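Read the structure below first, then the notes.
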Protein chains: 2
Amino acid sequence: METKEKSYPDIFQADCLSRQVLQLVADQWTPLVIYALEGGTMRFGQLLKRIDGISKKMLTQTLRVMERNGLVQRVVYPVVPPVVEYSLTPLGQTLREPMEALRVWAYGHLQEVAHARTTYDQRDQKPIQDEVATLVQQR
Amino acid sequence: METKEKSYPDIFQADCLSRQVLQLVADQWTPLVIYALEGGTMRFGQLLKRIDGISKKMLTQTLRVMERNGLVQRVVYPVVPPVVEYSLTPLGQTLREPMEALRVWAYGHLQEVAHARTTYDQRDQKPIQDEVATLVQQR
DNA sequence: CTGTATCCTTGGAGATACTG
DNA sequence: CAGTATCTCCAAGGATACAG
């Protein structure tokens with residue numbers, strides 16, 4: 001009964017629930033869906049157009065997972081042709097703030113990341129003996 | 001010259017730099033590495049033990065990408081046996097706050113997500129006619 | 001319009017062995 | 001200790017066609 005009741009607290013543990021929850025948003029499309037739905041309800045086709053590069057298959061799949069985890073609500077209007085609207089649930093709304101922080105971070109550090117990349121990519125072309133030596137001395 | 005200079009601003013654009021930057025942390029392991037390095041410098045083997053479930057290969061790969069993007073610094077001490085230390089760069093440090101917000105969110109909504117899942121998983125076993133009808137009336 | 005079903009390809013990732 | 005190299009395999013995901 002008490003074998004594996006609470007693996008809650010340690011996010012570094014593989015079977016930890018908190019890790020699973022963290023990784024709800026740790027994929028390619030979920031953050032973009034959240035950003036898209038911040039403005040309010042959207043239909044499937046609207047999301048498909050808004051999120052450039054996503055396929056119908058991946059959008060469906062992403063939305064299903066998000067729905068399962070309680071982040072989005074899916075409302076079907078049985079008319080022809082079908083109308084399906086997606087929106088953030090109250091739980092999903094609570095993600096807006098942390099997600100927004102991440103987006104702001106991304107916008108604010110474009111240059112630094114780009115610069116780090118070119119620096120790194122050029123490093124392999126050059127000798128780095130001096131740098132290694134310097135770093136060793138730090139110890 | 002001015003063909004594709006600035007695809008900066010729109011994160012919904014596939015080739016947008018901001019999207020790439022956002023997705024630096026949108027994978028399974030990067031957030032955990034950041035959390036692990038918040039406490040300070042760690043060696044390769046320490047990270048491997050701390051982050052349960054990660055393989056040597058994935059840890060190496062994750063660290064290399066993070067290093068390339070300027071999030072972590074890798075310092076090699078040319079001794080035998082080798083010592084390699086990883087730490088967050090100043091740029092990586094700026095990610096701590098938004099990442100911490102995400103972790104707090106995860107911890108704070110374990111129950112809700114778990115509950116949403118069981119509800120969703122049980123839904124397919126039952127008729128849902130009433131709910132659909134209700135939702136339709138909302139329009 | 002909003003999907004599902006199927007096929008098919010690619011590469012992501014584990015396992016294992018080897019190296020400085 | 002901290003990786004790299006190689007092999008292998010499964011599954012993520014694109015393309016396409018079809019359905020309600």
Side-chain angles (χ1 to χ4, degrees), chain A residues 14-15 19-20 23-33 36-37 41-68 72-87 120 123-124 128-129 132-133 135-136 139, chain B residues 14-15 19 23-24 26-33 36-37 41-68 72-87 120 123-124 128-129 132-133 135-136 139:
Chain A
D15 60 343
R19 182 132 133 198
Q20 294 177 42
Q23 294 178 165
L24 297 188
V25 297
D27 77 292
Q28 199 177 9
W29 299 118
T30 301
L32 293 174
V33 171
L37 291 179
T41 298
M42 292 190 78
R43 294 179 55 177
F44 184 85
Q46 291 180 306
L47 287 168
L48 201 57
K49 276 182 296 183
R50 188 79 208 278
I51 303 173
D52 184 40
I54 197 171
S55 67
K56 202 156 55 171
K57 183 178 176 180
M58 286 313 293
L59 180 56
T60 301
Q61 183 175 313
T62 303
L63 287 169
R64 287 291 176 284
V65 172
M66 293 179 74
E67 188 192 2
R68 175 170 185 263
V72 305
Q73 185 185 22
R74 177 173 178 265
V75 180
V76 181
Y77 301 98
V79 296
V80 289
V83 171
V84 180
E85 290 184 347
Y86 292 92
S87 57
Y120 182 92
R123 180 175 313 192
D124 289 332
I128 54 172
Q129 299 306 326
V132 171
L135 293 172
V136 171
R139 244 215 158 176
Chain B
D15 59 344
R19 183 131 132 199
Q23 293 178 164
L24 297 188
D27 77 294
Q28 200 178 9
W29 299 117
T30 301
L32 293 174
V33 171
L37 291 180
T41 298
M42 293 191 77
R43 295 179 55 176
F44 185 84
Q46 291 180 306
L47 287 169
L48 201 58
K49 277 182 294 183
R50 187 78 208 278
I51 303 174
D52 185 39
I54 198 171
S55 66
K56 203 157 50 172
K57 180 179 176 181
M58 287 311 295
L59 180 56
T60 301
Q61 183 174 314
T62 302
L63 287 169
R64 287 292 177 283
V65 173
M66 293 178 74
E67 187 192 4
R68 175 170 185 262
V72 304
Q73 185 185 23
R74 177 173 179 268
V75 180
V76 181
Y77 301 98
V79 297
V80 289
V83 171
V84 180
E85 289 184 347
Y86 292 92
S87 57
Y120 182 92
R123 181 177 311 194
D124 290 331
I128 54 170
Q129 299 306 326
V132 171
L135 292 172
V136 171
R139 243 211 162 177

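Proteins come first, then strands; the chains are lettered A, B, ... in the order of their sequence lines, and each starts at number 1. From a predicted model like this one, the values you see are computed outputs, not experimental measurements.
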inquiry  = With rounding to the nearest 0.5 angstrom, report the OG1 to CD distance, A:T60 to A:E67.
reply    = 11.5 Å
ask   = Which pairs count as side chain to side chain donor-acceptor pair (under 3.5 Å) when at least one residue sits in residues 49-59 of chain A, sequence neighbours excluded?
value = none
key: Full working for side chain to side chain contact (heavy atoms under 4.5 Å, CB included) between B:D27 and B:V65   = CA-CA 11 Å; B:D27 77 294; B:V65 173; over 6 Å; no
request  = Working to the nearest 0.5 Å, report the span between CG of A:L48 and CG of A:L59.
outcome  = 5.5 Å
ask   = Just how far, in rounded Å, is P of C:dT2 from CG of A:L47?
value = 9 Å
ask   = Under 4.0 Å between a side-chain N or O of A:R43 and OP1 or OP2 of C:dC1?
value = no
remark   = When rounded to whole Å, the CE to P distance for the pair B:M42 and D:dC1 reads 14 Å
key: Between C:dT2 (C1') and A:L59 (CG): distance, integer Å   = 10 Å
key: Approximate separation, where rounding is to 0.5 Å, of A:R74 CZ and B:Y120 OH   = 7.5 Å
request  = Hey, could you give me the OG1/CG distance between A:T62 and A:L32, rounded to the nearest 0.5 Å?
outcome  = 9.5 Å
task = Heavy atoms under 4.0 Å is the rule here; annotate nucleotides 3-20 of chain D 5' to 3' with B where the base is hit, S where only the sugar-phosphate is, and - elsewhere.
result = BS--------BB-----B
inquiry  = Rounded to whole Å, please give me the gap between CG in B:L48 and P in C:dG14.
reply    = 11 Å
query = Roughly how bent is the helix from C:dC1-D:dG20 to C:dG20-D:dC1 end to end, in steps of 10 degrees, with each end axis from five pairs?
reply = 50°
query = Distance from A:Y86 atom OH to A:L63 atom CG, nearest 0.5 Å?
reply = 5.0 Å
ask   = So do the side chains of B:M58 and B:Q61 get within less than 4.5 Å of each other, counting heavy atoms only?
value = yes
